[in-house]
Amino acid sequence: MSLLMNWLESLHIDPNITNKCSRRRNRRSTCSICSEVCNKGSLSLTEEAIEINLETCTSCGECMIACPLSAIEGIPTSREINSGCLIYSDCYTPSVKELLIYKKRGLAHIRVNTSRLNENWEQTINEANHQLTLLGQPVLEIVRKSEEKTFSRRGLFSSLQKEGKQLAKSMTPASWKMNANDWVLRHYYPDDQFYTVDIDKDKCTFCQACFSFCAQAVFQVENESLQIEHQNCVNCRDCYDICPEEAIQIKPEIKKKENSQLGFHIGECRDCGRAFHTFQEDKRTCPVCFNRDSGWLSPFE
Ligand code: SF4
Ligand code: SF4
């Protein structure tokens with residue numbers, strides 16, 4: 001018995017928020033996606049970071065699925081998936097992102113054992129199917145549980161055997177055990193982008209704060225052009241939160257992936273003499289000198 005208990009305990013891992021979390025890297029982060037999806041109120045935002053209350057957390061996995069930066073680890077998701085079917089349950093509503101990922105992992109359909117789906121499931125499936133259509137993918141189908149049958153003695157045993165096999169499958173869906181890094185849409189849809197990142201060249205001072213904070217390598221500076229790889233964007237909003245000029249917008253938009261190239265100029269700052277990048281040809285000062293308080297003496301005069 002104690003061996004069994006030890007084994008069961010070894011399967012339990014407490015959820016853990018890693019240093020990938022925006023709130024741990026960026027003091028200006030406004031991300032609260034995980035706490036919004038947790039219906040137990042187990043995630044609390046503090047000034048410094050975000051904390052999980054392990055007393056109330058049920059390890060449902062909602063936060064791990066929702067986190068755009070895959071920053072929450074250690075939660076096995078508790079969805080019932082049987083022979084490639086997601087089994088409908090009133091206890092939770094899957095997210096659209098979750099359904100899009102399941103579809104690419106081989107989800108055949110959603111099986112409903114009751115007379116009808118609840119409204120939240122219906123809305124989520126409709127939105128997922130809308131997005132699948134935009135992605136050029138077959139939509140998710142709903143299959144109702146077939147009518148109860150009366151069995152002969154032989155039929156009853158064969159049915160129990162079948163149910164037993166299905167139960168075993170549902171208890172060990174190894175291919176459906178997913179970790180934090182498995183919840184990234186672009187890994188499943190490599191030819192498509194889900195967000196478009198817009199930089200307003202009139203507002204941007206090319207301070208490069210957004211380039212440093214973006215953990216997904218969306219921004220690349222090459223020669224005299226800024227390349228934006230929209231497909232890499234996961235809508236974490238780190239760049240939006242850090243930009244002092246409010247020059248960035250992230251637009252949800254599904255389309256075939258493309259990169260943008262924004263040309264820039266290299267100038268020499270008239271105050272500090274250092275080379276700097278700018279989108280405005282007539283700019284004469286670098287962002288550091290430009291933002292220096294004019295009431296202070298310049299260290300370069
Ligand atoms: S571009 Fe902005 S929103 Fe997109 S992944 Fe990078 S930091 Fe996050
Ligand atoms: S943080 Fe804002 S101002 Fe700085 S480079 Fe990015 S978009 Fe431009």
Side-chain angles (χ1 to χ4, degrees), residues 17-34 36 49-50 63 65-72 97 100-101 180-190 192-255 257-267 269 272 274-292:
I17 299 183
T18 66
N19 288 339
K20 288 184 192 169
C21 171
S22 284
R23 290 202 167 246
R24 297 214 172 157
R25 295 181 298 109
N26 177 1
R27 291 294 297 265
R28 295 179 63 169
S29 171
T30 56
C31 185
S32 57
I33 292 172
C34 54
E36 285 160 28
I50 186 151
C63 57
I65 296 167
C67 176
L69 291 172
S70 310
I72 305 181
K97 170 180 163 184
L100 295 187
I101 289 175
N181 292 323
D182 289 323
W183 299 105
V184 182
L185 274 170
R186 72 163 181 272
H187 296 164
Y188 301 88
Y189 297 89
D192 303 281
Q193 66 181 58
F194 289 81
Y195 302 97
T196 297
V197 183
D198 275 336
I199 291 191
D200 183 337
K201 294 203 310 185
D202 292 331
K203 289 185 181 172
C204 173
T205 59
F206 223 108
C207 71
Q208 308 201 25
C210 58
F211 310 174
S212 317
F213 274 88
C214 174
Q216 307 298 315
V218 169
F219 308 99
Q220 313 281 341
V221 176
E222 278 172 18
N223 302 319
E224 290 192 15
S225 125
L226 169 66
Q227 181 148 313
I228 303 180
E229 295 195 24
H230 303 281
Q231 204 238 357
N232 285 356
C233 180
V234 291
N235 195 25
C236 68
R237 303 183 73 76
D238 265 347
C239 56
Y240 177 88
D241 288 335
I242 201 71
C243 178
E245 312 299 333
E246 297 183 0
I248 295 196
Q249 292 297 329
I250 311 294
K251 211 164 51 178
E253 184 175 40
I254 294 178
K255 59 183 189 181
K257 76 169 177 187
E258 56 185 42
N259 295 339
S260 301
Q261 314 261 358
L262 307 182
F264 60 79
H265 310 279
I266 300 178
C269 177
C272 66
R274 293 195 182 108
F276 68 100
H277 298 161
T278 177
F279 286 122
Q280 294 97 35
E281 215 171 342
D282 55 353
K283 194 99 177 161
R284 295 288 168 260
T285 42
C286 71
V288 179
C289 294
F290 183 78
N291 289 319
R292 184 178 296 116

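The model shown is predicted, which means the values in this text are computed figures rather than measured ones. For reference, positions follow the sequence shown, starting with 1. Atoms within a ligand are numbered from 1 in the order they appear, just like the ligands themselves.
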| So, for Phe279 and Phe206, is the gap between ring centers shorter than 6.0 Å? | yes

| remark: Counting from 1 in the order shown, the ligand 2 atoms closer than 4.0 Å to a non-hydrogen atom of Ile248 are 7 (S)

| said: Tell me the contacting part of Lys203 for ligand 2: side chain, backbone, both, or neither, using a 4.0 Å heavy-atom threshold, strictly below. | reply: neither

| query | Among side-chain atoms of Gln193 and Arg186, is any donor-acceptor pair under 3.5 angstrom? | reply | no

| message | Checking Asn232 against Lys257: is there a side-chain donor and acceptor pair closer than 3.5 Å? | response | no

| field | Validation row: Ile72, Cys63 side chains within 4.5 angstrom (heavy atoms) | value | yes

| task | Measure distances from atom 4 (Fe) of ligand 1 and count the protein N, O or S atoms below 2.8 Å. | result | 1

| task | May I ask you to decide whether Arg25 forms a salt bridge with Asp238, counting only side-chain N to carboxylate O separations under 4.0 Å? | result | yes

| task | Report, in ascending order of atom number, the atoms of ligand 2 lying under 4.0 Å from any heavy atom of Cys204. | result | 3 (S), 5 (S), 7 (S), 8 (Fe)

| message | Strictly by salt bridge (charged side-chain N to carboxylate O under 4.0 Å, His left out), give each pair with a member in residues 219-237 just once, sequence neighbours left out. | response | none

| field | Proximal ligand 2 atoms for Cys210, defined as those under 4.0 Å from one of its heavy atoms | value | 1 (S), 5 (S), 6 (Fe), 7 (S)

| task | Using a strict cut-off of 4.0 Å, indicate which atoms of ligand 2 neighbour a heavy atom of Glu245. | result | 3 (S)

